[in-house]
Amino acid sequence: MEKVKSFISSFGLPRLIIAGFLLLLFIIAPFVGIRVGASISDTLARFGMNSIMVLAMVPMIHSGCGLNFGLPLGIISGLLGATLSIETGVTGPLSFLLAILYSTPFAIILGWGYGKLLNRVKGSEMMIATYVGFSSVAFMSIMWLILPYSSPTMVWGYSGSGLRTTISTDGFYSQILHNFLCLRIGSLEISLGEILFFALFAFIIWAFLHTKTGTAMTAVGSNPIFARASGISVDKQRTLSVIMSTWLGALGILCYQQGYGFIQLYQGPMYMAMPAVSAILIGGASVNKASIPNVIIGTILYQGIVTMTPSVMNNLIHTDMSEVLRIIVSNGMILYALTRKSGASR
Amino acid sequence: MNGKKTIKDFFNLSFYVRLAVILLVIILAVFLYHYGKQHTVYIDNRTIEIDGVSYKALEWAEVSVDGGDASEYSPRTRREATVQRQKHTIHVVYEDEDFNQFEIETEFTVPLNETQVVLSLPALVAGLDDSQYITQFIPMAQQLGINVGGGAAAAAEEIPTEEDMFGDMTADF
Amino acid sequence: MKKEIDIKKFLANNIVPIIFIVLCLICIPLAGYSGQYLVSQIITRIMRNSFLVLSLLIPIMAGMGLNFGMTLGAMAGQIGIIFITAWNVVGIPGLLLAAIIATPIAALLGWFCGKMLNMAKGREMITSYMISFFMNGVYQLVVLYGMGPVIPLHSDQVILPRGYGVRNTIDLINVRQSVDNFWSLTIAGVKIPLLTIILIALLCVVIVWFRKTKLGQDMRAVGQDMEVAREAGIKVERTRILAIVISTIFAAYGMILYLSNMGTLNTYNSHSQIGMFSIAALLVGGASVSRASIKNVFLGIILFHLMFILAPQAGRELMGQAQIGEFFRVFISYGVITLSLVLYEIRERREKAESAKAIADQQKEERA
């Protein structure tokens with residue numbers, strides 16, 4: 001009994017409920033005429049699309065900057081990279097590499113500035129990060145209209161200027177990771193390409209966190225006063241973590257675009273931070289603690305619920321309440337993390 | 001605040017004051033509902049059958065509600081009057097087939113929860129009770145059993161799916 | 001010498017309103033609106049929004065920052081409005097009834113919000129912000145699925161043809177401007193709704209009076225220093241919850257006034273914009289996270305809305321696209337909130353460092 005209790009407290013009750021709910025959905029699914037294989041493939045495809053954006057939370061949480069509500073800033077660097085890559089007219093897998101390459105300097109510059117800003121507002125990073133994200137999205141909305149792009153696949157046809165709201169990545173890098181090493185067993189479809197891509201970056205982050213710099217970063221997050229006393233430059237470590245988060249955010253959106261098939265500009269990135277934040281929290285992270293397993297478990301649980309609820313609900317009660325449920329679950333999870341005592345110590 | 005609260009502490013003066021205030025507010029709410037509820041009365045002048053008796057439409061009538069402007073009715077006319085509260089007076093001047101003029105003034109009560117009612121002039125003039133000459137308004141489509149607004153039209157109604165908080169950036173404020 | 005420092009300090013403390021005044025001055029000739037039009041627009045918007053913005057003042061007084069949870073109050077107000085529209089209760093009695101319905105809902109939501117914020121001391125703002133997101137989901141659940149079968153409402157005007165759920169937009173013709181038109185004057189072609197002005201003035205008086213009451217004093221003490229207040233025997237948690245409850249209830253009333261002035265209800269997003277715009281307006285008026293006055297409210301509404309009216313037109317004149325102006329004003333609203341939050345944090349830290357230095361100096365002197 002004691003063991004069960006300690007297990008529940010270590011795993012977290014809401015997490016257990018969500019995992020149980022997902023399990024229930026998978027059990028019900030075959031009885032209401034949903035093929036489980038296809039559902040699992042869907043979940044995995046969504047995992048591949050979203051996991052890197054969730055991974056982008058890790059460095060900032062480690063350095064004590066809290067949840068990265070400013071993810072839209074990273075997404076914007078990704079969008080700049082994506083649009084520039086399409087502008088050059090290169091097609092195929094090369095365009096994906098090019099997009100990563102182009103987005104990197106933007107991510108580094110924006111992340112550096114963002115990091116410097118967050119260093120000056122220690123203690124209320126999350127609120128300011130949220131609004132930094134929003135303002136940058138609004139600012140870029142103006143920019144998408146006036147930047148001199150000219151590729152006909154991206155520009156509004158009738159006016160000849162200003163980018164479209166959604167741009168298809170067809171012919172460029174649509175599905176390139178998904179179709180790379182894709183295993184098909186019946187209705188089950190597992191894309192090793194996406195999973196390997198995620199595994200690569202997850203490994204890099206894991207390895208980084210075990211280097212000297214990485215442990216210094218963790219020290220800054222867990223005890224900044226002690227870290228300063230032992231000669232670590234707190235601000236430098238924090239800035240580095242923010243740059244890493246921003247760059248991973250840029251990669252994350254590129255990965256998302258290749259799976260989704262479209263680039264969403266203007267107000268598209270506005271609320272993309274929320275699902276990522278909530279996913280890592282569902283995975284067991286807290287405001288000041290996160291690990292790679294948290295990312296993996298969280299993304300699978302979150303995306304599993306997002307894929308399963310609509311189809312099961314629709315077949316079961318012929319009403320699609322899933323969107324509302326998703327809002328309640330994901331924001332409730334963030335709220336739970338924010339109001340926990342362990343988090344409040346910081 | 002030390003020790004347990006006894007029941008006596010609970011039922012002290014401030015409790016009763018609060019209770020009284022809450023009751024007062026509830027009474028006010030009920031009053032406002034009665035006072036502010038708007039009813040649409042369709043005053044109808046057509047031949048009508050109630051309990052097997054037929055009442056023929058009036059040849060000519062002039063009607064005013066609550067001393068307002070009078071309007072003329074010929075057979076098969078229906079006009080609407082919007083009123084608040086339940087009790088109202090209606091003043092009817094009418095002619096029968098032989099051009100004899102009659103005048104009648106009476107009070108009627110609109111059922112509280114009905115927003116739209118039909119008031120039948122012939123039935124009123126015949127001296128029926130207001131519970132008989134005032135009936136619930138049933139839209140034509142519903143009478144004929146046509147489903148207007150259901151099916152395809154209902155599906156076309158825009159139902160929000162993705163709600164973004166603090167979201168619609170370009171809306172007016 | 002001293003005067004120079006004063007000017008510098010004045011500029012630093014009021015940078016946001018100054019930026020806005022400059023922007024408005026640039027935009028006025030560009031947009032080319034007539035003075036009369038601008039004045040009447042501004043008056044309309046003051047009448048529409050000041051009640052909402054005023055509702056933000058009390059939590060700031062209690063040191064809880066900008067209450068993003070005012071959205072909860074707006075939701076309660078909307079539920080009241082949905083009920084009276086479905087019941088067809090019209091005019092001022094209808095609005096009063098809506099307020100009576102909204103009050104317990106707002107109080108309950110405010111209590112929930114206050115409880116949550118007590119569990120997240122030190123990061124009230126982000127938490128209240130997330131509460132508004134979370135409650136938005138619950139609101140949608142109630143309004144989109146609950147109204148009709150669970151909460152009995154039968155009105156074609158309000159309920160979707162499918163039999164449950166509230167329509168996306170509701171025409172509030174029955175209560176439109178009923179407060180404004182009840183008693184109004186027209187001066188030089190500008191309509192001045194006196195009853196609305198009286199209501200707003202009344203709320204201002206209540207807020208000023210409230211600061212002097214025992215509860216108001218307690219709130220200020222809690223806002224200054226929670227631990228000191230606790231030692232002085234103030235029930236900190238209860239005081240903080242009350243601050244949020246009061247704010248939420250006022251926000252609900254503000255929303256009812258706002259909607260009656262607008263004349264239409266966007267069931268699923270009216271409330272969401274309200275939070276952001278009200279907070280931006282307050283900050284534009286020169287308020288900060290810890291200090292806000294009635295003066296800030298009115299200055300903020302005037303400047304923010306002037307910008308709001310001018311930006312699209314100026315964008316069209318300057319760039320040939322009204323959309324740029326629209327995006328610009330959105331950028332400005334978000335930017336203002338960001339800037340104010342950042343400036344506040346920096347100032348706070350500087351003050352803390354200065355006071356720490358002062359204490360250190362004092363100790364050094366004592367030792368010497």
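So you know, we letter chains A, B, ... as the sequences are listed, proteins then strands, and number each from 1. The structure presented is a predicted model; accordingly, all values stated were derived computationally and were not measured.
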Is there a side-chain contact between Gln38(B) and Val89(C) in this structure, where contact means two heavy atoms from C-beta onward sitting under 4.5 Å apart? no

For Tyr33(B), the option from Ile84(C), Leu97(C), Ile100(C) that meets side-chain contact (heavy atoms from CB on, under 4.5 Å): Leu97(C)

Can a donor-acceptor pair be found, under 3.5 Å and without considering hydrogens, that links the side chain of Lys37(B) to the backbone of Val90(C)? no

dist Trp87(C):CH2 -> Leu112(B):CG (nearest 0.5 Å) comes out at 10.5 Å

To check you understand the geometry: which heavy-atom pair defines the closest contact between Gly36(B) and Pro93(C), and what is its length? CA-CB, 3.9 Å

Which atoms of Leu96(C) are under 4.5 Å from chain B, going by heavy atoms: the side chain, the backbone, both sets, or neither? both

Is it the side chain or the backbone of Asn174(C) that comes within 4.5 Å of chain B heavy atoms, both, or neither? side chain

Counting only heavy atoms not in Arg78(B) (residues, nucleotides, ligands), do more than 12 fall under 6.0 Å from its CZ? yes

For Phe102(B), does the CZ atom have more than 12 heavy-atom neighbours from other residues, nucleotides or ligands under 6.0 Å away? yes

Mark yes when over 12 heavy atoms from residues, nucleotides or ligands other than Tyr42(B) sit less than 6.0 Å from its OH; otherwise mark no. yes

Spatial distance of atom CG (Asn88(C)) from atom CG (Asn113(B)) [nearest 0.5 Å]: 11.5 Å

